[in-house]
Amino acid sequence: MDISGVLVSLGSASLVYAIWRMVRIVLRPYFSGSLRYVPGPPCASFIYGNVKDLLTGDSSTMHEELVEKYGHVITYKGFFNMDRVYTTDLKAVNHFLTHSSDYQKPAQARFFLSKMLGEGLLFAEGEVHRKQRRVLNPAFGPGQIRELTSIFVQQAHELRNFWDAQLSALGEPARVNALDGLSKTTLNIIGLAGFNYTFDALNPNKTNELSDAFTTIFSNTERESFIWPILVALLPPLGLIPNENLKRLEDAKAVMRRIGMQLVAEKKASVLEASAAEKMGSVESKDLHGRDLLTLLIKANMASDLPENIRLSDEDVLWQVPTFLVAGHETTSSATAWCLYALTQAPEVQRKLREELFGLPTDLPTMDELNSLPYLEAVVRETLRLHAPVAQSGKQAMKDDIVPLSKAFTDTRGEVHDTLKIDKGTHLFLPLLVLNRSKAIWGEDAREFKPERWYSLPGTVSDIPGVWANLLTFSGGPRSCIGYRSTLVEMKALLFTLVRSFEFELAVPPEEIARQQRVVQRPMVKSEMEKGTQMPLIIRRHQRT
Ligand code: HEM
């Protein structure tokens with residue numbers, strides 16, 4: 001057979017495979033039994049299923065309405081008629097979280113992650129994930145976060161000076177986009193704390209190759225970017241077709257790779273140098289090792305007592321650089337922006353918090369001092385409960401399963417089930433934000449911002465399987481957020497400095513604030529959607545009397 005014959009045969013085989021997969025996917029919900037009679041809304045569109053509203057509206061409100069109408073175990077259609085399970089049943093959620101190898105990231109999410117960030121901790125699954133997590137865990141321990149606190153405080157001062165300069169230039173009070181300043185600050189922080197890398201993002205005259213690559217990845221917001229990975233995950237040969245969006249991602253990833261490799265090589269060399277000097281007794285190892293997460297990770301990975309089969313390759317270490325950048329940057333800035341928003345809507349809370357912060361007689365608090373402030377703790381908890389930046393987490397069943405339920409549900413034929421049968425391949429969303437603000441769990445005032453609730457919580461919250469504070473904000477189980485301890489201290493350091501320095505008001509009516517529906521929920525202004533994400537605040541300097 002000549003080459004054109006081979007190509008025609010390959011093309012025909014791919015086409016038959018594609019048609020077979022498509023037919024299976026489209027017809028499966030009608031024939032395969034498990035979810036057929038689980039309650040839920042009718043399919044709204046073949047391509048988008050019921051999820052178009054999820055991309056444009058408030059996903060948590062939409063899910064809350066579905067649960068109210070159809071019950072605590074429901075199913076609705078995702079892209080291309082695919083079933084998606086949604087349940088607020090705590091026993092089921094706990095089951096999904098603790099069986100993380102059976103409920104992995106969906107194939108299309110992994111495809112996208114691999115194109116954007118390579119194969120770091122967010123991407124890894126199964127044994128590879130366990131291995132990476134084991135080596136990374138020590139770098140995120142409480143002792144390390146204590147070391148990083150001075151970076152958080154110093155960068156909070158930089159942002160205070162930046163806004164102070166804006167007030168001098170614009171006159172007081174002034175409208176600022178708080179999200180922009182916070183986003184640049186958390187990028188500076190993860191640069192320094194993560195890799196001892198200087199972004200200097202608040203400096204308008206400075207360009208930075210790594211942050212440009214990062215911006216390219218996150219400006220990739222076209223609707224196509226949702227559909228394409230799904231199509232490729234369903235029909236892998238489509239991945240071979242050139243695609244402008246993917247090309248931009250790959251170029252940006254190449255920059256991340258080059259800079260990441262350079263950082264890994266430099267840090268490895270300095271760890272080796274420090275360890276050699278230490279052996280000669282001339283230099284204390286702590287003087288040379290640095291305190292950034294990447295150095296700690298490299299140290300842990302080079303430890304002589306680490307079993308060889310656990311040790312990560314340089315490639316595995318490298319991909320943690322963009323992973324930390326992505327996971328630790330917009331999440332923390334959005335959470336802090338939502339906190340300032342909440343404080344504008346509760347002036348008495350803002351005043352009371354400021355009073356407590358001034359009780360600490362220093363501008364440069366340590367981690368222990370920040371953690372000694374109970375109202376600050378309550379404000380941070382309440383913000384992360386009500387404004388969890390990651391509203392839901394998508395998973396896909398790797399095998400058929402019987403999921404335990406704390407409460408039975410009735411199917412559309414009137415049959416009662418005390419377990420939920422799930423087929424291999426089924427998609428589901430873990431309801432992180434919805435459970436954080438469930439009235440059944442938190443009480444009738446669950447949708448209100450009330451830091452005082454943390455002084456006396458209802459007993460029902462203890463069943464929530466979150467890694468921190470009975471919340472699902474940082475998820476739970478083996479795939480919970482590795483960086484949550486660092487985020488908490490970082491948010492406290494930012495709030496400590498900013499709330500002591502400025503008074504905040506919302507610059508638009510509160511009903512104008514919307515949430516952008518992406519992985520991280522960032523604020524937008526409904527009548528200014530063209531400006532992208534923002535949190536417009538009126539700020540004035542606080543005069544201490
Ligand atoms: C307010 C701030 C943050 C929030 C709300 C947050 C939330 C989350 C959530 C919900 C997950 C689970 C995702 C899923 O399974 O679908 C996660 C995972 C992760 N987070 Fe965070 N995160 C925050 C800050 C950070 C920081 C500061 C870092 C690192 C410097 C970080 C690193 C990670 C990593 C590496 C994972 C993957 C863990 C794994 O799969 O083993 N996060 N985060």
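In listed order, ligands and their atoms are each counted from 1. For reference, positions follow the sequence shown, starting with 1. Remember, it's a predicted structure, so these values are computed and weren't measured experimentally.
Among Ser486, Ser333, Gly120, Gly328, the residue whose heavy atom sits closest to atom 26 (C) of ligand 1 is Gly328. With distances taken over non-hydrogen atoms, the option nearest atom 32 (C) of ligand 1 out of Ala139, Ala327, Ser100, Ala124 is Ala327. In the candidate list Thr331, Val519, Thr383, Thr331 is nearest to atom 3 (C) of ligand 1, counting heavy atoms. The heavy atom nearest to atom 11 (C) of ligand 1, out of those in Gly466, Gly476, Gly394, Cys481, is found in Cys481.
Protein heavy atoms are found less than 4.0 angstrom from atom 35 (C) of ligand 1.
Using a 4.0 angstrom heavy-atom cutoff, Ser480 counts as in contact with ligand 1.
You'll find the ring centres of Phe324 and Phe140 inside the 6.0 Å limit.
The ligand atoms of ligand 1 that sit less than 4.0 angstrom from a heavy atom of Leu122 are 36 (C), 37 (C). Atoms of ligand 1 lying under 4.0 Å from at least one heavy atom of Lys395, given by number and element, are 15 (O).
Taking 4.5 Å as the limit, some side-chain heavy atom of Leu435 sits within range of a side-chain heavy atom of Leu90.
On a distance-only criterion, Glu490 and ligand 1 share no N/O pair closer than 3.5 Å.
With a 4.0 Å cut-off on non-hydrogen atoms, His129 touches ligand 1 through its side chain and not its backbone.
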